[in-house]
Amino acid sequence: MIPQVFKEVIDLGDGRTISIETGKLAKQAHGSVVVQSGNCMLLCTLVSNYKQSDVDFLPLTVDYREKFAAAGRYPGGFFKREARPSDGEVLTMRLVDRVLRPLFPKDYHAETQVMIQLMSHDDNVMPDAMAGLAASAAIQLSDVPFETPISEARVGRINGEFIINPTRAQLEESDLDMMIGASADSVMMVEGEMLEISEEEMAEAIKFAHEAIKVQCAAQVRLAEAFGKKETREYEPEREDEDLAKKIYDMAYDKVYAVAKAGSSKKERSNAFSEIKEEIKATFTEEELADYGDLVSKYYAKAEKTAIRNLTLNEGLRLDGRKTDEIRPIWCEVNYLPSTHGSSIFTRGETQALATVTLGTSREANQIDMASFEGEERFYLHYNFPPFSTGEARPLRGTSRREVGHGNLAQRALKNMVPADCPYTVRVVSEVLESNGSSSMATVCAGTMALMDAGVKLKKPVSGIAMGLISDQETGKYAVLSDILGDEDHLGDMDFKVTGTADGITACQMDIKVKGLSYEILVNALKQARDGRLHILGKLTDTIPVPNEEVKEHAPTMVTRRIPNAFIGALIGPGGKVIQEMQKETETTIVINEDPVTEEGIVEILGVGKKGIDAVMAKIDAILFKPEVGKVYQVKVIKMLDFGAVVEYMDAPGNEVLLHVSELAWERTENVTDVVNMGDVFDVKYFGLDPRTRKEKVSRKAILPKPEGYVARPPRENNDRGGRDNRGRDNRGRDNKRDDRKPREDKKED
């Protein structure tokens, strides 16, 4: 018997709907829902242990996976089974995690797992836009403590009109692609890319998405009420001691405030704060520390955070002595690495990124193989964050989710400034060498310079800046911090990164930690970010004003050539013989693709040095060569025959034609060698196809003057074959000798 199913439908306002359903699948999970739009279906489950983990944080895991069966496809690879998550899946996990995590109670430490699976795919629905809705709906149906329903929505804009959850095809026409996460009351997360839009336009897009999210949050509440809202589970809260908290606050606040106001370096400041903490711990006995040591550390951290925030709000000063809108010192350098195709160093304060650029053919494109999307990237960026960049030693466990996310943000910031007609596949790699502040924004700046150093003709240079916000909702005071430090990232109310050109925003990532942030504050923060971004942009263009005109001498040059589809086979050769030999002889890389629209062959030739590329172009010219009737061409004898000579066009090596003995000279030629020999070079005239032989005809004598007194031989008549007494096909001179013979029938009768 099918169990009772509960369902809510959300109207997107343009004929599309999203439904949330529970009661049919995965009922042993603490919460489960199926979210559907069109034929796209996501199953989301939530399980949270009833026992608190012995850690001081929430061990939350958000997992998003796309099943290939959902799209009727097989997984790639040898084992034909879904394996490690793709970068696209990791990015969706991060989008959901960043909105959910702050809404669990601070003292809730139970192991919690949210699993979202794409079970059915629809080409017209992008599933990641519904993942946040699915996760929140599953939590609402459980007894897990959670502050308020949330949802996420994608917003695009076509011809000035905003669209909620656009299709992938619509995004191709859109000038922005933003994902917004919010509750009914507050925006909590923004991430996306744009085509140089203004700060006001970005705020309008956030408002538009927030209105749609409010409707989705209300639907979750209705579903939970219809299903039967569970009582929130009880759990063991963290130990609290108000007297101890006040004691530590009184002991620490003034000392921390003084150190914070001193404007010291990261290392000096960290040592000073550690000394204050150790002095406080020294006032307790060993027995007290055994009982309350964790609380001492917790309350000291709260006092430190309060002191630093108050310093900024009251005096407009920051940990390193800067004013709120001041940018740390910057120095840049390009062409640092001698063997790369492009390189740069960007250093801002205690944050440093070394970027490299590698140029290649379409063969080096990054292949994307997901259930929801198949394609390739001709521009991509990889970000590495080694432990030494923060003075730590820890095991390397492969590429982290954070590295995937930060690299994706920098890639989105830069990719729309790479011209569509850039012939190369471009890979940018950012190595973070120091970090105290936003290394992802340092990556954007270093990436811009490295691309320009490599000779990639960027439309406009791009810079990025990380901003912070400290606010006091009781007094209404707030301070926007430009170019935040690592410490300021943790103690602030908003961490937002903005990238752009001199004319507008190209990408952003925001995590808003304070409830009810006004759009006025948001726009003011974005405008201050613009001032800082332009300041940094000036430093970049001072270092390298425009992209280099040419690629480096050791970097490959790319030449693209279009050829008719019919000639692709000739260029490749049997079993790839022609193209392989050509690559070996010219030391180039040759890639042939077919234009799906024109069906032409697109030949990419990549090589270091002009000689090899010119040789390949000459070979292509030879393959495409078609002589014109009536034109004169220079040829070379490459083979001698009894009845003529095989000659090769000098302009198109490899193109051969027979020069018949009768076309060598006006005089009768008994031997071919009487007129020409191997290796001789001379001119011939092209006559096209000979109507009699149906072969190409060229003539040497046609461009020579006729000898004086020359008389052309009369053409032979069809009924006269050399004076053999009219012995044609119809009359062989046998005087009809068979006429007196009896018919075969008569002979048979005899």
Side-chain angles (χ1 to χ4, degrees), residues 47-61 97 100-113 143-147 232-262 264-311 319 387-388 390-397 400 402 435-436 470 485-493 513:
V47 174
S48 185
N49 291 343
Y50 284 93
K51 183 179 179 181
Q52 291 274 69
S53 299
D54 189 22
V55 293
D56 61 353
F57 60 90
L58 172 64
L60 169 67
T61 300
D97 186 296
L100 295 184
R101 192 175 292 273
L103 296 177
F104 289 92
K106 299 297 183 186
D107 58 353
Y108 186 70
H109 300 156
E111 184 83 31
T112 303
Q113 187 175 48
D143 62 350
V144 173
F146 195 73
E147 186 174 324
T232 302
R233 68 174 64 173
E234 294 184 0
Y235 63 94
E236 184 180 351
E238 288 183 347
R239 203 167 36 154
E240 297 290 347
D241 188 325
E242 292 184 6
D243 292 336
L244 180 62
K246 185 177 186 308
K247 177 182 177 180
I248 292 175
Y249 180 88
D250 292 341
M251 295 172 67
Y253 183 87
D254 289 340
K255 294 180 180 179
V256 169
Y257 196 98
V259 171
K261 191 175 180 178
S264 54
S265 68
K266 176 183 177 181
K267 185 176 181 179
E268 293 171 338
R269 186 169 63 246
S270 178
N271 290 338
F273 286 152
S274 295
E275 288 177 7
I276 296 171
K277 184 177 179 180
E278 290 302 317
E279 288 175 8
I280 292 173
K281 291 174 71 174
T283 64
F284 294 91
T285 65
E286 290 185 6
E287 291 77 11
E288 288 174 326
L289 287 176
D291 289 338
Y292 299 103
D294 56 338
L295 289 180
V296 172
S297 296
K298 174 182 174 181
Y299 294 144
Y300 170 77
K302 285 185 176 180
E304 182 181 295
K305 179 177 179 179
T306 301
I308 296 171
R309 286 172 62 92
N310 287 344
L311 171 69
L319 285 169
F388 67 76
T390 54
E392 298 174 277
R394 63 174 185 268
L396 297 176
R397 304 294 187 191
S400 67
R402 179 182 179 278
S435 181
N436 181 20
I470 296 176
L485 301 168
D487 292 338
E488 293 171 332
D489 186 2
H490 301 295
L491 60 85
D493 297 324
K513 307 167 190 174

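Since the structure is predicted, the reported quantities are computational estimates derived from the model, not experimental observations.
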Rounded to the nearest 0.5 Å, how far apart are [atom1] of [X] and [atom2] of [Y]?
X: S48; Y: L58; atom1: OG; atom2: CG; result: 7.5 Å
X: N436; Y: D487; atom1: CG; atom2: CG; result: 6.5 Å
X: S270; Y: L319; atom1: OG; atom2: CG; result: 11.0 Å
X: L485; Y: S435; atom1: CG; atom2: OG; result: 10.5 Å
X: D143; Y: R233; atom1: CG; atom2: CZ; result: 4.0 Å

Return the set of residues passing side-chain contact (heavy atoms from CB on, under 4.5 Å) with K106 (not counting sequence neighbours), or none when no residue passes.
none

According to side-chain contact (heavy atoms from CB on, under 4.5 Å), who are the partners of R239, at least two apart in sequence or on a separate chain?
Y292, D294, L295

Within the side chain of Q52, is there an N or O that forms a donor-acceptor pair under 3.5 Å with the backbone of H109?
yes

Going through the distances and angles, do E488 and I470 end up as a side chain to side chain contact (heavy atoms under 4.5 Å, CB included)?
CA-CA 9 Å; E488 293 171 332; I470 296 176; over 6 Å; no

What pairs of donor and acceptor atoms, side-chain ones from residues 300-307 against any protein atom, are under 3.5 angstrom apart with sequence neighbours left out?
{"unit_1": "Y300", "atom_1": "OH", "unit_2": "F273", "atom_2": "O", "d": "3.1"}
{"unit_1": "Y300", "atom_1": "OH", "unit_2": "E304", "atom_2": "OE1", "d": "2.9"}
{"unit_1": "T306", "atom_1": "OG1", "unit_2": "K302", "atom_2": "O", "d": "2.9"}

Residue pair D107, Y235: steps toward the side chain to side chain donor-acceptor pair (under 3.5 Å) verdict
CA-CA 9 Å; D107 58 353; Y235 63 94; 2.8 Å; yes

Suppose we screen for side chain to side chain donor-acceptor pair (under 3.5 Å). Which residues come up paired with R394, at least two apart in sequence or across chains?
E392

Lys/Arg-Asp/Glu bridge criterion (N-O < 4.0 Å) met for K247, D243
no

Strictly below 4.0 Å, N to O, side chains only: are K298 and D56 in salt-bridge contact?
no

N/O donor-acceptor pairs under 3.5 Å from side chains in residues 275-282, not counting sequence neighbours:
{"unit_1": "K277", "atom_1": "NZ", "unit_2": "S297", "atom_2": "OG", "d": "3.4"}
{"unit_1": "E279", "atom_1": "OE1", "unit_2": "K255", "atom_2": "NZ", "d": "3.2"}

Tell me if the CD atom of E238 is crowded by more than 12 foreign heavy atoms within 6.0 Å.
yes

Within 6.0 angstrom of K246 NZ, more than 12 heavy atoms from elsewhere:
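No, because the 6.0 Å sphere around NZ of K246 holds 12 heavy atoms or fewer from other groups.
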
Side chain to side chain donor-acceptor pair (under 3.5 Å) between Y299 and E240, worked out
CA-CA 10 Å; Y299 294 144; E240 297 290 347; 2.8 Å; yes

Geometric class of the F104/Y108 ring pair [parallel <30°, tilted 30-60°, perpendicular >60°]
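Judged by the thresholds at 30° and 60°, the geometry between Y108 and F104 is parallel.
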
Answer whether the closest heavy-atom distance between the side chains of E288 and V296 falls below 4.5 Å.
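They are not in contact (no side-chain heavy atoms under 4.5 Å apart), so the answer is no.
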
Can you give me the closest heavy-atom contact between [X] and [Y], atom names plus distance?
X: I308; Y: A260; value: CG1-CB, 4.1 Å
X: S264; Y: E268; value: CB-OE1, 3.5 Å
X: L396; Y: P387; value: CD2-CD, 3.6 Å

Not counting sequence neighbours, which residues clear salt bridge (charged side-chain N to carboxylate O under 4.0 Å, His left out) with E111? List them please.
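Result, salt bridge (charged side-chain N to carboxylate O under 4.0 Å, His left out) vs E111: none returned.
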
Given side chain to side chain contact (heavy atoms under 4.5 Å, CB included), test F146 with L100 step by step and report yes or no.
CA-CA 9 Å; F146 195 73; L100 295 184; 3.8 Å; yes

